[in-house]
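In listed order, ligands and their atoms are each counted from 1. What's counted below: heavy atoms across the whole structure, side chains too, no hydrogens, waters or symmetry copies.
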Amino acid sequence: MMGTERYDRQIRIPQLGPDGQQRLARSRVLVVGAGGLGSAALLYLAAAGVGTIGIADGDSVELSNLNRQILHRTADVGVAKVVSAARALADLNPDVSVTTYCERLDLDRAIDLARAHDLLVDATDGFASKYLLNEAAVRSGRPLVHAGVEGLMGQLALLAVPGGPCLRCIFPEPPSEPASARPVLGATAGVLGALQAAEAIKFLAGMGERGGTSVLVVDLLALQLRRLRAERDPQCPICGPR
Ligand SMILES: [Zn+2]
């Protein structure tokens, strides 16, 4: 590991310490989606010194992304999001090894990539992608930090850990998708993406006690947080016995 001055303020956290920092440096995280959630999650994961970060996204930057996708700049419009994202992370922290996958993942590919990483961050938009990534997490045995945002609402959960529920346990049916582009305040994606980074860092560094799984529901309009307990469904078609 390179000099630790960059990480001084977090190494001072007793639950992290030098050992936790070394665990982060050895960790490999795959972030699927370099959009609003991914922007905040990726910046904080790279800043914290996660050693290897994979970024999967098949899209290019559009002007209408820039209210929330703070990895990308106006000059990046038309550039592949993974290219723009990798450049931003390299500028922030050259210690981090970044690998880009400029593609839309199918299930087999997602499972292969999951197996090459320690943890998955779901920064996708839309439940088809979220279900696919959830199945890849279950099949590969990798934990999944799920989040979703709409308007000023968001939700967060650490899923597919041993004994815990997967996304299908919690949402057996996909919620209805909006007919056109989903409304999102950029700050909502930032809050949830930062929470995803914090959950990933805690898991990888071995910080804190792992209790049962809960879903955190964030309502920024009312400025309220709610924690709902989430249980595994023994009959779940994805993580239950087949
Ligand atoms: Zn399940």
Side-chain angles (χ1 to χ4, degrees), residues 27-33 35-38 41 45 54-57 101 103-150 153-178 182 189 191-193 195-219 225-242:
S27 295
R28 301 162 300 174
V29 174
L30 177 67
V31 177
V32 182
L37 289 166
L45 290 168
I55 313 170
D57 196 311
Y101 307 95
E103 56 193 287
R104 190 171 286 276
L105 306 180
D106 63 16
L107 181 60
D108 286 341
R109 179 70 168 144
I111 293 169
D112 281 348
L113 287 185
R115 287 190 174 130
H117 295 82
D118 302 309
L119 177 142
L120 312 180
V121 173
D122 172 8
T124 64
D125 185 18
F127 258 77
S129 309
K130 291 183 181 303
Y131 278 153
L132 183 145
L133 197 56
N134 177 64
E135 185 163 357
V138 170
R139 294 238 217 133
S140 62
R142 300 298 189 270
L144 173 70
V145 184
H146 159 83
V149 288
E150 180 158 357
M153 299 287 295
Q155 63 193 26
L156 171 84
L158 176 59
L159 300 171
V161 294
C166 80
L167 189 65
R168 277 288 282 270
C169 295
I170 303 174
F171 298 105
E173 303 290 337
S176 60
E177 299 279 7
R182 192 184 304 274
V191 167
L192 272 296
L195 287 170
Q196 287 183 293
E199 284 297 285
I201 288 165
K202 283 161 50 191
F203 184 91
L204 294 166
M207 297 168 73
E209 298 293 312
R210 284 271 318 124
T213 296
S214 52
V215 180
L216 183 70
V217 178
V218 178
D219 178 348
L225 303 179
R226 278 183 302 150
R227 247 176 96 164
L228 311 175
R229 200 160 171 74
E231 302 287 352
R232 187 164 181 199
D233 173 5
Q235 300 306 320
C236 174
I238 301 301
C239 72
R242 296 223 221 190

TODO: Could you tell me the separation between the CZ atom of Arg226 and the CD atom of Gln155, rounded to the nearest 0.5 Å?
DONE: 10.5 Å

Open item on the list: Please report the interatomic distance CG(Asp125) to CG(Leu37), rounded to the nearest 0.5 Å.
Closed with: 8.0 Å

Open item on the list: Does the plane of the ring in Phe127 sit parallel, tilted or perpendicular to the ring in Phe171? Use 30° and 60° as the thresholds.
Closed with: perpendicular

Open item on the list: If you count heavy atoms of other groups shown closer than 6.0 angstrom to CZ of Arg104, is the number above 12?
Closed with: no

TODO: Supply the atom-to-atom distance Asp122 CG to Lys130 NZ, rounded to the nearest 0.5 angstrom.
DONE: 3.5 Å

Open item on the list: Keeping to distances under 2.8 Å, can you name the protein N/O/S atoms close to the Zn ion (ligand 1)?
Closed with: Cys166 SG, Cys169 SG, Cys236 SG, Cys239 SG

Open item on the list: Please identify which of these residues, Leu120, Leu156, Val29, meets the side-chain contact (heavy atoms from CB on, under 4.5 Å) condition with Val145.
Closed with: Leu156

